[in-house]
Amino acid sequence: MTAVTDQDHTERADQPGDADKAGAAENPSEKGPGNTSGNAPGNASEGESADDAHARVPDGGPSSRTDPRTDPRTDSTGAWDDGLIARRVDETTGANQYAVRDSRPAVSQAVSPLVYDGPLRSRLEALRELVGLSRTRLDSRTLAEAGRVLDEASARRRLSGQHTVVAIAGATGSGKSQLFNALAGVAISETGVRRPTTAAPIACSWSDGAAGLIERLGIPPRLRRRPLPTGGGESQLNGLVLIDLPDHDSAAVQHREHVDRILALVDAVIWVVDPEKYADAVLHERYLRPMAAHAEVMFVVLNQIDRLPGEAAEQVLDDLRRLLDEDGIALGEYGEPGATVLALSGLTGDGVGELREALGQFVAERTAPARRISADVDIAAARLWPVYATQRRTGLSEQAREEFTDRLADAVGATAAGEAAERAWLRNANRACGTPWLRLWRWYQDRGEPATGRLPSRTQADEEATARQRVEQAVRTVADRASAGLPAPWAQAVREAAVRGSQGLPEALDELSVRAGVPTGRPPRPGWWPMAVLSQASMTILQFLGGLWLLGQIVGVMPPNLGVPVLLMVIGIVGGPLIEWSCRMAARGPARRYGLEAERRLREAAAGCGRARVLDPVAAELLRYREVREQYGRVVGAGS
């Protein structure tokens, strides 16, 4: 069978033995018919690792340097034994049926980029907005997964949307490389008893335009292959890029790193398990369970069923389905979306056609990249759930705001200031409407009282300390109520905003209490005060008239008549206190209103200061949380 490719030469594989390499070095001019330079595509270049050399595959070309005594193609038994790998080639395929290396120089090819549908674009935009709003509130480690998903989604969108990258992963001895060759219909990846056999990932592309996708996986050109055209097989898998991964349980750390890195980049994955290791805890706990959201882009293949007698294959397959269900992986049965579970034998080919058909239909849909990205968004959103979601209503209620205002008003003494203003109004009314004798008596008492006669029960320093404590308590209370129910990072941000705003708040409130406290000067007088003062003056004049009249009668200047002067004096003496008492009763209402107005002004001033310094920053943090919560709802809800 002749390989038809888009290049002028096929890969020349390195044959075991240093003698051949030494011979080639001694005679560099001796080249095979298909080679055009000293470094043939199949020969190991200088500095090439042993793993890369094992990843190469012989093509059976006529220019391969072999020893007839050890050439397996001259052995009548058909066995290949290079001293390292023991394997048997299917005699029905022919010894010259090998994959060709895709070694064409990288050429810019016109490929259609991947296009995401509307819901997925909306989710990605919401996730990008969510990350942007959260950078100052969450640490970079928390946002790392979301950032990686955005980067990978952007990188994948720029690449071909006509290709689907599918990785074949499995444990040591599961036969994944054998299945890889069976799907390609040609020997591409080494299979054998040496473990691990696959040392580096190998890519096989069924169509052109996949160079960018393969380069994104970090697979060098020497490990890229093209299958032989086999009639309808090529068109059936057109657009497929198949990757053979190293063993995920390999003893070599580098092999496991290859697996983890590429699994995060491919569009879909075929997990190959065997009857012995299908229940391996490492496979289920490290890979399958964390990737449960990727069920729609996942194939789980039970290989080597030819080793199971009778109905044992169905029993093992049922147990595998049970384990997958326990891992949370939805199974694509009865037309429902989920993982495809199949049983086959890569050695005998039983079931391989069914897998090839399912894989061909899967690739033809061209939805795997978008479904993979959507699943990545689901996983990123699930990991961000603790830092965004809450089960209770959050925010500041009106009651909490009013209590905070009341605490600040108490701290600045708004109630006491109102009462002082009320007393000042009454005192001014008493002075204006009281009898002259009573006012004189009060003046005498105030003058005669020593300055040190009364000591304040509390010093000014104690009052300031108490006011500061009240302010701090008010800030702590409102911060705790505002952060109640919030996820830890946002609750911390709310508390920090409240603490920053409280710095300097007691001093600002002290200045307000001085400016907006009890007004200086005389309180305003109502319109009836002049009448009251005039009436009080009339009563005093009557007293003076009555007294002078009596004095005139005593000295004999006026005729004796006690009734009239006594009556005038009685009217003045009784009328003065009566007018004062009436004015005091009438002044209670205006005095109360005056005190309440003074209290209101101070309360509003304290509330404005507290709102600007504490409540507004706290409300800004709550608003930011509501914004990110809304964006998180778009990230989660758009895919539900």
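Note that the coordinates shown come from a computational prediction; the quantities given were computed from them, not determined experimentally. One is the number of the first residue; the rest follow in order along the sequence.
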Taking Gln254 for its side chain and Ala200 for its backbone only, find out whether a donor-acceptor pair lies under 3.5 Å. no
State, yes or no, whether a side-chain contact exists between Val300 and Met298 at a heavy-atom distance under 4.5 Å. yes
Test salt bridge (charged side-chain N to carboxylate O under 4.0 Å, His left out) on Arg322 and Asp319; report intermediate values, then the result. CA-CA 5 Å; Arg322 178 187 62 82; Asp319 193 48; 2.7 Å; yes
Is it the case that the side chain of Arg224 and the backbone of Ile202 share a donor-acceptor pair, with hydrogens and angles ignored and the cut-off at 3.5 Å? no
Please report the shortest heavy-atom distance between Leu213 and His163, naming the atom on each side. CD1-CB, 3.5 Å
I'd like to know if the side chain of Arg128 and the backbone of Gly147 have a donor-acceptor N/O pair within less than 3.5 Å. no
Side chains of Ile379 and His294, heavy atoms from C-beta outward: is any pair under 4.5 Å? yes
Determine whether Leu237 and Leu242 satisfy the following criterion, side chain to side chain contact (heavy atoms under 4.5 Å, CB included), listing intermediate values before the conclusion. CA-CA 10 Å; Leu237 298 180; Leu242 199 60; over 6 Å; no
In sequence, state the C-alpha distance, the side-chain angles, and the governing distance for Thr340 and Val301, and then conclude on side chain to side chain contact (heavy atoms under 4.5 Å, CB included). CA-CA 8 Å; Thr340 301; Val301 174; over 6 Å; no
I'd like to check Leu302 versus Leu344 (side-chain heavy atoms, cut-off strictly below 4.5 Å). Are they in contact? no
Any donor-acceptor pair under 3.5 Å linking the side chain of Arg256 with the backbone of Asp249? no
Within a strict 4.5 Å, meaning less than it, do heavy atoms of the Leu342 and Leu317 side chains meet? no
Determine, stepwise, if the pair Arg366 / Gln162 fulfils side chain to side chain donor-acceptor pair (under 3.5 Å). CA-CA 7 Å; Arg366 296 178 180 175; Gln162 311 300 316; 2.3 Å; yes
Show your working on salt bridge (charged side-chain N to carboxylate O under 4.0 Å, His left out) between Asp376 and Arg372 and close with a plain yes or no. CA-CA 6 Å; Asp376 288 342; Arg372 168 61 194 259; 3.2 Å; yes
Can any side-chain N or O of Ser134 pair as donor or acceptor with the backbone N or O of Leu130 at less than 3.5 Å? yes
Quick check against the 3.5 Å criterion: does Arg225 have a side-chain atom that pairs as donor or acceptor with the backbone of Ala203? no
Please give me the minimum heavy-atom distance between Ile329 and Ala292, naming the atom from each residue. CG1-CA, 3.9 Å
Counting distance only, does the side-chain N/O of Arg156 pair as donor-acceptor with the main-chain N or O of Pro369 below 3.5 Å? no
At their closest point, which heavy atom of Val352 faces which heavy atom of Gly346, and how far apart are they? CG2-CA, 4.3 Å
Without swapping roles, check the side chain of Asp267 against the backbone of Val165 for a donor-acceptor pair under 3.5 Å. yes
Testing the basics here: between His255 and Pro246, what is the closest heavy-atom pair and its distance to 0.1 Å? CB-CB, 3.8 Å
Check Gly239 against Val363 and note the closest heavy-atom contact, atom names and distance. C-CG1, 3.7 Å
When rounded to the nearest 0.5 angstrom, what distance separates CZ in Arg137 from OG1 in Thr142? 14.0 Å
Which heavy atom of Leu283 sits nearest a heavy atom of Lys277, and at what distance? CD2-O, 4.4 Å
Any heavy-atom pair between the side chains of Asp350 and Asp306 that's under 4.5 Å? no
Inter-residue atom distance Asn181.CG - Lys176.NZ, 0.5 Å rounding: 10.5 Å
To the nearest 0.5 Å, what is the distance between CG (Leu124) and CD (Glu129)? 13.5 Å
What's the separation between atom CG in Leu265 and atom CG in Asp260, rounded to the nearest 0.5 Å? 11.0 Å
Could you tell me whether Arg216 and Glu152 make a salt bridge, using a distance below 4.0 angstrom between a side-chain N and a carboxylate O? yes
Kindly determine whether Tyr388 and Leu138 satisfy side chain to side chain contact (heavy atoms under 4.5 Å, CB included), including the steps that lead there. CA-CA 10 Å; Tyr388 291 115; Leu138 304 179; 3.3 Å; yes
Are the side chains of Leu323 and Tyr278 in contact, using a 4.5 Å heavy-atom criterion? yes
Sidechain-backbone polar pair: Tyr632 side chain, Ala381 backbone, donor-acceptor under 3.5 Å: yes
How long is the gap from CG on Leu240 to OG on Ser205, to the nearest 0.5 Å? 8.0 Å
CA sep, side-chain torsions, deciding dist, call: Leu114, Leu159, side chain to side chain contact (heavy atoms under 4.5 Å, CB included): CA-CA 6 Å; Leu114 181 62; Leu159 299 175; over 6 Å; no
Just do the salt bridge (charged side-chain N to carboxylate O under 4.0 Å, His left out) check on Glu276 and Arg307 with the steps written out, would you? CA-CA 10 Å; Glu276 294 179 355; Arg307 298 168 50 190; 2.7 Å; yes
When you look at CD of Glu357, are more than 12 heavy atoms from neighbouring residues, nucleotides or ligands closer to it than 6.0 Å? no
Straight-line distance of Arg123 CZ to Arg634 CZ, nearest 0.5 Å: 11.0 Å
For a 4.5 angstrom cut-off between non-hydrogen side-chain atoms, does Val269 reach Phe299? no
Within a strict 4.5 Å, meaning less than it, do heavy atoms of the Ile168 and Leu183 side chains meet? yes
Mark yes or no for whether Asn303, through its side chain, and Ser174, through its backbone, hold a donor-acceptor pair below 3.5 Å. yes
Does atom CD (Glu365) have a neighbourhood of more than 12 heavy atoms from anything else shown, all under 6.0 Å? yes
Describe, in one word, how the ring planes of Trp271 and Tyr287 are oriented to each other, choosing from parallel (under 30°), tilted (30 to 60°) and perpendicular (over 60°). tilted
Take Arg321 and Asp318, measure what salt bridge (charged side-chain N to carboxylate O under 4.0 Å, His left out) needs, and give me the verdict at the end. CA-CA 5 Å; Arg321 289 192 178 98; Asp318 290 341; 3.4 Å; yes
